[in-house]
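Source: prediction; values computed, not measured.
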Amino acid sequence: MESPRRLDDALRALAFAPGALVIAGGTDAMVEVNAGSRRDQLARGEVIAIDRVSELRRFRHDPSSASVLLGAGLTYTELMDEPLASLLPALAEASRTVGSPQIRNAGTIGGNLATCSPAGDALPVLSALDAVVHLADASGVRSLPVGEFMTGVKTTALASGELITGIELPVLGGWQGYAKVGVRNAMVIAIASACLATDVSTRSVRIALGSVAPTVIRCPDAEQFAAEHVDWDSTSVEPDVAARIGSIAAGAALPIDDHRSTAAYRRRAVEVLVGRLVRRGFAGG
Amino acid sequence: MAEHFELHVNGVARDVHDAWSGESLLYVLRERLHLTGTKGACEEGECGSCSVLVDDVLVCSCLVLAGSSTGRAITTIEGMSADGEPTDVQRAFVAAGAVQCGFCTPGLVMAAHALLAADPDAGEHEIREALSGNVCRCTGYGRILDAVATVARARSGASATAAEDSPGRE
Ligand SMILES: Cc1cc2nc3c(=O)[nH]c(=O)nc-3n(C[C@H](O)[C@H](O)[C@H](O)COP(=O)(O)OP(=O)(O)OC[C@H]3O[C@@H](n4cnc5c(N)ncnc54)[C@H](O)[C@@H]3O)c2cc1C
């Protein structure tokens with residue numbers, strides 16, 4: 001069991017035991033451990049707790065490039081705090097919907113990305129913002145667009161011996177938000193979710209959906225229709241345009257029936273959520 | 001693999017011997033250190049009955065790896081009233097009748113303390129949000145919310161009503 005304070009120590013420990021169980025906030029990994037899995041790594045004592053690696057717990061805002069580099073170990077509670085909540089409002093909004101205070105205090109954005117559940121609440125935001133994922137192992141660093149990092153249901157491009165070190169996001173000028181449907185407000189895995197981010201300088205709209213495909217997906221048709229049909233001068237939208245953007249987005253969804261919901265309900269939920277986000281973002285003025 | 005480490009629990013250094021690598025903080029608190037005030041139920045972070053403070057942050061101890069908690073200040077329900085005197089939150093729970101079977105109470109008391117330490121004059125919305133990770137199957141929550149609201153009013157000085165005078169919901 002290692003509990004490194006520095007990133008290079010963590011990477012060295014991981015190079016020594018590339019199959020080790022890496023634990024950040026533990027809110028996904030410990031559920032598995034308590035259920036009796038991960039026995040081999042635990043039997044060998046190959047556990048690396050990265051929650052105290054200082055480089056992973058920081059963020060850097062660079063106003064000149066209008067970007068933020070988030071350390072992978074930032075918790076949802078930290079993402080909800082200023083100044084990050086103002087720089088990345090949709091991420092703060094998504095963070096507020098995660099689990100409960102106890103889960104938000106421990107769970108990290110890097111853990112959400114590494115788990116790569118289709119329902120991960122941070123992921124539609126990262127997708128809509130075209131996040132770049134920074135990775136490192138003992139021999140070097142690389143970075144990948146988030147869309148390439150997420151390869152399937154709970155599978156990613158993370159290589160053995162690698163850690164997610166940071167997530168780079170643009171600071172956009174324009175409204176952005178996140179919405180999610182579940183059976184209740186607290187402690188709920190999304191049945192469907194959506195992030196909408198506008199960029200006023202390029203007059204573009206980005207829309208990403210969660211829980212309706214193997215990984216988070218973007219909706220290029222709905223994005224293009226939105227960019228062409230909203231009124232950028234007054235930042236307003238006609239009700240029928242908002243509804244149309246919702247229904248085009250729903251067409252991009254590839255939902256399934258499972259124990260949480262049905263494909264038909266999920267598709268309808270996307271239509272409602274995206275329409276609602278468009279109306280919020282283009283409320284006029 | 002057997003692990004030996006030291007935890008700081010309620011201000012006291014405690015040795016843990018021959019622990020297995022996968023033991024949660026909840027397990028070590030209850031089974032090795034015999035601090036059974038912290039309850040274990042779902043062991044997947046849903047119920048909040050195992051809530052403790054780690055460096056003053058409220059977490060589910062079932063989701064914390066015990067061996068990674070060395071050097072951190074761990075506070076359990078036993079540490080909230082070290083001198084045996086109940087805290088204002090505990091007195092308010094009793095006065096409001098916010099306890100039935102009592103299983104969820106330690107976790108709820110920890111969550112209430114975490115809220116009120118950060119936000120002494122929390123309103124109803126903040127209280128509901130702060131307790132949303134703690135499940136109670138007996139009370140229906142009304143009296144729990146009343147108890148915490150009473151403490152918030154008392155601490156923020158907005159009302160002179162002491163916790164003991166809370167009428168609860170009779
Ligand atoms: C009760 C409960 C409610 C929840 N509710 C929600 C919810 O509403 N929405 C939601 O999206 N999720 C939810 N989750 C899931 C979980 O909280 C999130 O996915 C969280 O972001 C995981 O982060 P973590 O730091 O706890 O990950 P951990 O459990 O520490 O790790 C998860 C996985 O990621 C890997 N990992 C972690 N950090 C890194 C890194 N930097 N580099 C490489 N690999 C890494 C670990 O090796 C492990 O395989 C919930 C979980 C629980 C227990």
Polar side-chain atom of A:N105 near backbone of B:V57 as donor-acceptor pair, under 3.5 Å: no
A:S100 (side chain) donor-acceptor with B:G133 (main chain) under 3.5 angstrom: no
Approximate separation, where rounding is to 0.5 Å, of A:S3 OG and B:L65 CG: 9.0 Å
Approximate separation, where rounding is to 0.5 Å, of B:R128 CZ and A:N185 CG: 11.0 Å
Residue among B:V64, B:L131, B:L115, B:T70 with most heavy-atom pairs under 4.5 Å to chain A: B:T70
Side chains of [X] and [Y] in contact at under 4.5 Å (non-hydrogen atoms):
X	Y	answer
B:L63	A:I103	yes
A:M30	B:E43	no
A:Q102	B:S51	yes
A:N34	B:C62	yes
B:S132	A:M187	no

Crowding at [atom1], [X] (>12 non-hydrogen neighbours, <6.0 Å):
X	atom1	answer
A:F59	CZ	yes
B:D55	CG	yes
B:H4	NE2	yes

Minimum heavy-atom distance A:G45-B:S21, with the two atoms named: CA-OG, 3.6 Å
Side chain, backbone, both or neither of B:S61 within contact of chain A (heavy atoms, under 4.5 Å): neither
Under 4.5 Å from a heavy atom of chain B, the part of A:D28 involved: neither
Portion of A:R38 that has a non-hydrogen atom of chain B nearer than 4.5 angstrom: neither
CA sep, side-chain torsions, deciding dist, call: A:D51, B:R72, salt bridge (Lys or Arg N to Asp or Glu O under 4.0 Å): CA-CA 12 Å; A:D51 59 321; B:R72 297 203 187 268; 3.1 Å; yes
Among A:R52, A:E2, A:R96, A:R184, residue most engaged with chain B (heavy-atom pairs, under 4.5 Å): A:R52
